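Below is one structure, written out as structure tokens, with a few remarks after it.
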Amino acid sequence: MAARPTFCISTAIPYANGRPHIGHAYERIATDAIARFQRLDGRDVFFVTGMDEHGLKMQQTAAREGITPQELADRTAAQFLEMGDALNARANHVVRTTEPRHYAASQAIWTKMQERDDIYLANYSGWYSVREEAYFDENELTPGHDGAKNSPNGTPVEWVEEESYFFRLSAYGDRLLAHYEANADFIVPDKYRNEIVAFVKRGLQDLSISRTTFNWGVPVPGDYKHVMYVWVDALTNYLTACGYPDENAPDWRYWPANAHVIGKDITRFHSIYWPAFLMSAGLELPKQIVVHGFLFNRGEKMSKSVGNVIDPFTLASHYGVDQMRYFFLREVPFGQDGNYSHEAIVNRVNADLANDLGNLAQRSLSMVAKNCEGRAPIPGSLTEADKAILDQAWALADRSRAAMKDYALHHALGEIWKVVADANRYFASEEPWAKGKSDPERRGTILWITAEVLRNVAIMAQPFIPTAAGKLLDLVGSANDARDFAHVGAAHKIEGGLMLPAPAPIFPRYVEAEEGAPTGGKAKS
RNA sequence: GGGCCGGUAGCUCAACGGUUAGAGCCGACCGCUCAUAACGGUCUGGUUGGGGGUUCGAUUCCCUCCCGGCCUACCA
């Protein structure tokens with residue numbers, strides 16, 4: 001069996017402390033779309049996600065709820081699994097950091113780094129705010145009552161000393177900079193690369209990577225009073241997924257990952273710590289860190305106090321899964337922050353999906369059903385206009401690839417919908433409905449061309465709106481094994497005479513309901 | 001405070017320093033009737049956040065201020 005090129009892609013692993021929110025959903029949808037795109041483009045795709053289930057906060061939250069940390073982790077993991085299904089964005093592989101195999105992987109990379117003499121034991125000390133659970137630099141502190149010191153946010157701090165293992169991050173600055181230099185697209189988009197380069201150039205401090213103050217974590221090999229502190233544990237999930245430390249594992253061929261898709265807040269951990277750990281352990285680095293922005297509800301960061309927290313499950317069921325996927329991937333330029341609101345979703349979904357694409361399919365295919373005995377017409381000779389729209393549709397694979405190369409998902413969708421818009425113009429100006437008596441053959445040609453354009457559009461839309469695109473492919477008679485990007489183009493055009501199923505609407509129009517607006521907008525009655 | 005990024009039409013975004021700053025959506029009008037009241041066409045809409053500067057010419061480069069976001073060593 002000829003080996004297809006592999007493509008390994010991951011989401012960040014959500015902290016198992018809380019329910020899935022819109023940000024998790026967005027990241028999962030985007031990553032799923034990229035994974036599907038690559039799969040349809042012929043790659044052997046490994047789509048990894050996971051759960052970060054360790055740490056003090058897990059212990060605290062569990063204690064507050066009267067359950068064990070493991071029970072909390074199980075509950076949250078089930079919710080995220082459900083989210084994957086609800087978004088039609090299920091990963092191939094889920095790594096939970098409480099799994100024994102993940103302990104093995106984390107301890108293995110730790111040991112490798114230790115053998116490299118990059119880990120040492122020392123005292124971690126500093127000004128610690130119990131309330132904020134964070135350390136602060138001396139020069140950040142502000143004076144408090146009675147000569148005490150406060151954090152920049154005004155909470156009291158105390159001097160704490162704790163034995164901790166450290167990673168020699170300070171030794172990796174030059175090598176990291178050299179890597180960024182040699183791999184210009186290691187961090188995309190560029191603005192995040194700039195940020196990271198500037199940060200590294202200022203000099204790196206060694207990193208505290210263990211704790212003795214709690215025990216809900218991966219034990220440090222050979223010193224079990226320490227547990228690993230966040231990042232060694234969490235980042236290593238990507239290796240665990242590929243079978244590490246067993247480099248003969250079947251999935252090890254997927255490493256190094258092609259893309260770690262992450263939110264902009266954790267860029268540093270993925271583009272500084274993680275490569276440094278991997279260099280230290282003698283492992284290959286991921287090809288790219290792909291950074292996306294944040295989502296805002298009506299311009300406001302979602303927060304419990306503002307009361308604009310939207311449950312992704314609600315969004316998906318209210319607007320539809322494909323509709324939700326389409327909105328976020330089209331409306332938000334990938335890599336930038338984005339906004340969502342009830343009105344924006346309804347506008348976008350009705351205009352692009354129901355009206356432009358859905359209605360084009362419906363009007364053209366129902367003409368085929370009524371006038372052509374339900375068979376794909378046999379095209380006659382082609383006019384310049386015919387050729388122009390066909391060429392556009394057939395070029396979609398290349399154009400989309402170009403956009404996706406830079407993870408510009410919104411541009412890929414823009415290219416596809418540009419063809420949809422032109423197809424509507426084509427259809428309107430050719431007036432097939434007026435040709436019934438005068439020139440039925442010409443009518444057939446127009447309808448065939450429209451169907452063929454729809455076929456290509458649907459193939460390319462699959463990564464983004466998989467269910468609806470699949471339905472559309474059904475309607476244009478596309479065989480199940482003829483739906484990958486290799487089938488975009490003239491070589492696989494619809495055969496004249498092919499029996500087509502009865503057309504049915506693909507996208508319902510969103511009609512305002514009384515209760516409407518789960519995103520906090522006002523429903524019009 | 002420091003670092004990075006953003007601010008362009010009501011909304012979401014474009015615009016190697018170079019004609020009159022563009023596109024989609026929304027809105028108004030016209031056309032069409034195959035279609036999910038959908039589609040097509042025309043039009044309205046701008047002190048490019050403010051103020052300085054460089055230049056023959058600035059949305060673009062520089063300075064400064066204002067606003068917003070992320071990071072500043074555990075929330076996408």
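Chain naming here is simple, since letters A, B, ... match the order of the sequence lines and numbering starts at 1 in each. The figures that follow rest on heavy atoms only: side chains count, while hydrogens, waters and symmetry mates do not. Not measured: the values here are computed from a predicted model.
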Open item on the list: If you only use heavy atoms from C-beta on, which nucleotide in B:rC25, B:rC74, B:rC39 is closest to the side chain of A:Lys57?
Closed with: B:rC74

Open item on the list: Looking only at the side chain of A:Leu207 (C-beta and beyond, no hydrogens), which of the listed nucleotides B:rC34, B:rA35, B:rA73 gets closest?
Closed with: B:rA73

- [ ] Using Watson-Crick or G-U wobble geometry with both distances below 3.5 Å, tell me the partner of B:rC4, or none.
- [x] B:rG69

Task: Span that lies between the C1' atom of B:rA14 and that of B:rU8, in whole angstrom - done: 10 Å

Open item on the list: What contact category does A:Gly55 fall into here, base, sugar-phosphate, or nothing, at under 4.0 angstrom with non-hydrogen atoms?
Closed with: nothing

Open item on the list: Base, sugar-phosphate or nothing for A:Gln362? Non-hydrogen atoms, less than 4.0 Å.
Closed with: base

Open item on the list: Closest approach to the side chain of A:Gln205, judged atom by atom: which nucleotide of B:rA73, B:rC25, B:rC34 is it?
Closed with: B:rA73

TODO: Establish, with yes or no, whether the OP1 or OP2 oxygen of B:rA37 is under 4.0 angstrom from a side-chain nitrogen or oxygen of A:Arg509.
DONE: no

Open item on the list: Can you identify which nucleotide, out of B:rG3, B:rC74, B:rU36, has its nearest atom closest to the A:Tyr229 side chain?
Closed with: B:rC74

Open item on the list: Students often get this wrong, so: under 4.0 angstrom with heavy atoms, is A:Ile506 touching a base, only sugar-phosphate, or nothing?
Closed with: base

- [ ] Would you indicate, yes or no, if B:rC39 has its OP1 or OP2 atom less than 4.0 angstrom from a side-chain nitrogen or oxygen of A:Asn355?
- [x] yes

Open item on the list: Taking the minimum atom-to-atom distance to the side chain of A:Ala428, which one of B:rA38, B:rG40, B:rA73 wins?
Closed with: B:rG40

- [ ] Would you mind classifying the nucleic acid contact of A:Asp356 as base, sugar-phosphate or nothing, using non-hydrogen atoms under 4.0 angstrom?
- [x] sugar-phosphate

Task: ring centroid sep under 5.5 Å plus plane angle under 30, A:Tyr15 with B:rC75 - done: no

- [ ] Ignoring backbone atoms, test whether A:Gln336 places a side-chain nitrogen or oxygen under 4.0 Å from the OP1 or OP2 oxygen of B:rA14.
- [x] yes

TODO: Compare the minimum distances between each of B:rG3, B:rA73, B:rC5 and the side chain of A:Arg268, then state the nucleotide with the smallest one.
DONE: B:rA73

Task: Any A:Lys370 side-chain N or O less than 4.0 Å from OP1/OP2 of B:rA35 - done: yes

Task: Nucleotide of B:rC39, B:rA73, B:rC34 approaching A:Met367 most closely (side-chain heavy atoms) - done: B:rC34

Open item on the list: So if I take every side-chain heavy atom of A:Glu195 and compare against B:rC74, B:rC39, B:rG3, which nucleotide ends up nearest?
Closed with: B:rG3

TODO: Tell me the partner of B:rG45, counting only Watson-Crick (N1-N3 plus N6-O4 or O6-N4) or G-U wobble (N1-O2 and O6-N3) with both under 3.5 Å; none if nothing fits.
DONE: none

- [ ] Could you tell me whether A:Pro432 contacts a base, only the sugar-phosphate backbone, or nothing, with contacts defined as non-hydrogen atoms closer than 4.0 Å?
- [x] nothing

TODO: Report yes if a side-chain nitrogen or oxygen of A:Tyr192 is closer than 4.0 Å to either non-bridging phosphate oxygen (OP1 or OP2) of B:rC4; otherwise report no.
DONE: no

Open item on the list: Can you tell me which nucleotide in B:rC70, B:rC32, B:rG2 comes closest to the side chain of A:Arg202?
Closed with: B:rG2

Task: A:Asn194 vs B:rC5: side-chain N/O to OP1/OP2 distance below 4.0 Å - done: yes

TODO: Could you say whether A:Ile266 or A:Ala354 is positioned toward the 5' end of RNA chain B, judged by the nucleotide with the nearest heavy atom to each?
DONE: A:Ala354

Task: Check: A:Trp231 ring centre within less than 6.0 Å of A:Phe277 ring centre - done: no

Open item on the list: Closest approach to the side chain of A:Trp231, judged atom by atom: which nucleotide of B:rC39, B:rC74, B:rC70 is it?
Closed with: B:rC74

TODO: On RNA chain B, check which nucleotide each of A:His411 and A:His292 is closest to and give me the residue with the more 5' one.
DONE: A:His411

